> 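Got a structure for you, questions after.
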Amino acid sequence: MQKILNNYDKENIFAKILRSEIPCSKVYEDKYALAFNDINPQSEIHILVIPKGEYISFNDFSDKASSEEINSFFKTVRKVAKQVGIDTSGYRIISNHGPDSHQEVPHFHVHILGGNPLGTLLVKGGK
Ligand code: 5GP
C-alpha cells in the first residue's frame, strides 16, 4: 500500500509548475497561491489551486502554514470560482489527502469543479 510521504518532494509536478520549469494554463496568481486549469478536466471547469509554499497535502498545510497563508488560500479558492463565473451556478471543491483518497501529486491542492451538473459526490468503492 502507498504510504503518506513525510518529506516534501521538490521534483513533484506542481513544484515544477511553480518554478516555471513546465507550463500551465494560469487562471490566477497572488503572493501565496497559483490557480491553473487541470490537464485532464473532469468537468467543464476544472481548476487546481495550489499554495506557493512546500506543503505535501491538506494535513501538512493545516499543520504548518501560517494563519495568513491559510486565510489567503481559501479566499483565493472563492475568488477563482467567482472569476470563472461559477460561484452562483455552483461548484465542488475537493482536496485529496493520502493513499485512500487517491492523491497523485504530493503538493497540496484544491480542485474546483463546475460549469455543468456534477452528479453525486462519490462512486462507492470507486477505484
Ligand atoms: P490528485 O489526484 O493528486 O488530487 O490530483 C492531481 C491532479 O493533477 C489531476 O486531476 C491531474 O489531472 C492533474 N495534473 C497532473 N499533472 C498535471 C500537469 O502537468 N498539469 C496540470 N495542469 N495538471 C496536472
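Given the structure is predicted, the values throughout are model-derived calculations rather than measurements. As the structure lists them, so they are numbered: ligands from 1, and atoms in each ligand from 1.
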> Pairs of nitrogen or oxygen atoms closer than 3.5 Å, one from Gln103 and one from ligand 1: do any exist?
no
> Phe14 vs His109 aromatic rings, parallel, tilted or perpendicular, using cut-offs 30° and 60°?
perpendicular
> Check the side chains of Tyr32 and Asp30 for a donor-acceptor pair under 3.5 angstrom, ignoring hydrogens and angles.
no
> Will you find, in the side chains of Ser72 and Glu69, an N or O donor that is under 3.5 Å from an N or O acceptor?
no
> Which of the numbered atoms in ligand 1 are under 4.0 angstrom from any heavy atom belonging to Asn96?
1 (P), 2 (O), 4 (O)
> Please check: side-chain N/O of Gln103 versus main-chain N/O of Gly98, any donor-acceptor pairing under 3.5 Å?
yes
> Are the aromatic ring centres of Tyr55 and His107 under 6.0 angstrom apart?
no
> Do side-chain atoms of Gln83 reach the backbone of Val27 as a donor and acceptor pair under 3.5 angstrom?
yes
> Among all protein non-hydrogen atoms, which one is nearest to atom 8 (O) of ligand 1, and what is the separation to 0.1 Å?
Phe14 CZ, 3.4 Å
> In the single-linkage hydrophobic clustering (I, L, V, M, F, W, Y; side-chain heavy atoms under 4.5 Å), do Val80 and Leu113 co-cluster?
no
> Which residue and non-hydrogen atom of the protein lie closest to atom 12 (O) of ligand 1, and at what distance in Å?
Asp38 OD1, 2.5 Å
> Can you name the atoms of ligand 1, numbered from 1 with element, that are less than 4.0 Å from a heavy atom of His102?
2 (O)
> Which ligand 1 atoms are under 4.0 Å away from a heavy-atom of Asn40?
12 (O)
> Can you tell me the protein heavy atom closest to atom 6 (C) of ligand 1 and the distance?
His109 NE2, 3.6 Å
> Give me the residue, atom name and distance of the protein heavy atom closest to atom 23 (N) of ligand 1.
Ile39 N, 3.3 Å
> In the protein, which heavy atom is nearest to atom 3 (O) of ligand 1, and how far is it?
Glu104 N, 2.7 Å
> May I ask you to identify the nearest protein heavy atom to atom 22 (N) of ligand 1, giving residue, atom name and distance to one decimal place in Å?
Asn37 O, 2.9 Å
> Using a 4.0 Å heavy-atom threshold (strictly under), name the region of Leu48 that reaches ligand 1: side chain, backbone, both or neither.
side chain
> Counting non-hydrogen protein atoms only, what is the nearest one to atom 16 (N) of ligand 1? Give residue, atom name and distance.
Ile13 CG2, 4.0 Å
> With a cut-off of 4.0 Å, which atoms of ligand 1 are near a heavy atom of His111?
1 (P), 4 (O), 5 (O), 7 (C), 10 (O)
> Checking side-chain polar atoms at under 3.5 Å, does His102 have a donor or acceptor matched by the opposite partner on Asn96?
no
> Among the clusters formed by ILVMFWY side chains lying less than 4.5 Å apart, do Ile22 and Val105 turn up in the same one?
yes
